[in-house]
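Sequence lines set the chain letters: A, B, ... in the order given, protein chains first and strands last, and positions in each chain run from 1.
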2 protein chains.
Amino acid sequence: MILIDYKDSRPIYEQVVDKFRLLIVNGVLKAEDKMPSVRTLAVELSINPNTIQRAYGELERRGYIYTVKGRGNFVSDTEGYKDEYRSEIFGRLDEVCDSAFKAGITAGELKDRIDKVKEGESDDKD
Amino acid sequence: MILIDYKDSRPIYEQVVDKFRLLIVNGVLKAEDKMPSVRTLAVELSINPNTIQRAYGELERRGYIYTVKGRGNFVSDTEGYKDEYRSEIFGRLDEVCDSAFKAGITAGELKDRIDKVKEGESDDKD
DNA sequence: TAAGTGTACTAATTGAATTAGTACACTTAT
DNA sequence: ATAAGTGTACTAATTCAATTAGTACACTTA
């Protein structure tokens, strides 16, 4: 369900947080779905339970999951967070545009590129 | 000329490399311009000369600057690197598009956003 | 010759991330 | 009641990259 990239220089717990965030905001994991237990996932990924715990703590802090002691972690109702995630993506787009314009790339070129990506979509990647 | 962001989790030498890369590919620093000396810049930024040296070594390895022993570091002819930099930006755009499409954002929405950024350009930022 | 430049090297320090180990509280099923 | 599974909380040790510190050497220019 989740894969760690050891070539990635970011902390493992951060990668775990991001992967789950994507699964949740993109609807793969739905509200009330049960998250894998801390210990289970730790064994699955061959990393320390503390690292998973830290990731789950972060996900809870940010509202993506909630905890029931003794029962486990569950996905929250994240409808509200989808807008937040969209904003995040637009923010990233803004940065790319800034860099692009500074480097002399035109809005037209960017738009053409979007169309190309759109065409090639659903290709087997990553 | 350069500013370090201590809130940024990336290594200092990497930040230095990036800042100079931008100055160079965007034409602020031109071919044959003299780079600040390792020691001067170290004092200016209040960081260790070794860190600057590492950054300069990286810039040289990547072809952005060249070294003349005893004289200093100078900006290379970077015309060829501008294409490389453009590709990099398009690559970043591709990633944003992928995320966007997965999150249900349409190509049209992305294009509209580009126009908005284009309008607000040359605003006093960073 | 003196001052300024880059280069090379080793050692020490720092700090975050990760791992290791333990203990405790709660829930569920038996 | 008991056992197994769950989350939580702590402290200590380890690992690793980045950074700092210090020194020495070679070259260029004035």
Whole-Å distance separating the CD1 atom of A/Ile12 from the P atom of C/dT18: 5 Å

Gap between atoms OH and C1', on B/Tyr6 and C/dT14 respectively (whole Å): 14 Å

Distance-only side-chain donor-acceptor flag, A/Glu88 / A/Tyr81, under 3.5 Å: no

Side chains of A/Tyr66 and A/Glu32, donor plus acceptor under 3.5 Å: yes

Side-chain N,O (A/Ser9) to OP1/OP2 (D/dA17) below 4.0 Å: no

Distance-minimising heavy-atom pair for B/Ile47 and B/Thr51: CD1-CG2, 4.4 Å

Spacing of B/Glu14 atom CD relative to D/dA17 atom P, expressed in whole Å: 14 Å

Closest-nucleotide ordering on DNA chain C, the 5'-leading residue of A/Arg39 and B/Gly57: B/Gly57

Under 3.5 Å on both distances, the Watson-Crick or G-U partner of D/dA24: C/dT7

Under 4.0 angstrom between B/Thr67 side-chain N/O and C/dT7 OP1 or OP2: yes

Nearest-nucleotide comparison on DNA chain D, the residue closer to the 5′ end among A/Tyr56 and B/Arg10: A/Tyr56

Separation of C/dA20 P from A/Ile52 CD1 (nearest whole Å): 13 Å

Whole-Å distance separating the CG atom of B/Asn48 from the C1' atom of C/dA11: 13 Å

Nucleotide nearest A/Arg54 (side chain, heavy atoms from C-beta), chosen from C/dA8, C/dA17, D/dT8: C/dA17

Between P of D/dG7 and OH of A/Tyr66, the distance in whole Å: 13 Å

Atom-to-atom span, NZ of A/Lys69 to P of C/dC24 - whole angstrom: 13 Å

Whole angstrom value for the distance that separates P of D/dA17 from CG of B/Asn50: 18 Å

Proximal nucleotide (of D/dT8, D/dA18, C/dT19) relative to the B/Pro11 side chain: D/dA18

Nearest heavy-atom neighbours spanning A/Ala31 and A/Asp77: CB-CA, 3.9 Å

C/dG6 phosphate, OP1 or OP2, under 4.0 Å from B/Asn73 side-chain N/O: yes

B/Glu95 and B/Arg92 ion-paired at < 4.0 Å: no

Donor-acceptor pair, side chain of A/Lys19 and main chain of A/Leu3, under 3.5 angstrom: yes

A/Arg71 side-chain N/O to D/dG7 phosphate OP1/OP2 under 4.0 Å: no

side-chain N/O B/Tyr13 vs D/dA18 OP1/OP2, d < 4.0 Å: yes

C/dA17 OP1/OP2 closer than 4.0 Å to side-chain N/O of A/Thr51: no

Complementary nucleotide of C/dA29, counting Watson-Crick and G-U pairs under 3.5 Å: D/dT2

Complement of D/dT29, any strand, by Watson-Crick or G-U distances under 3.5 angstrom: C/dA2

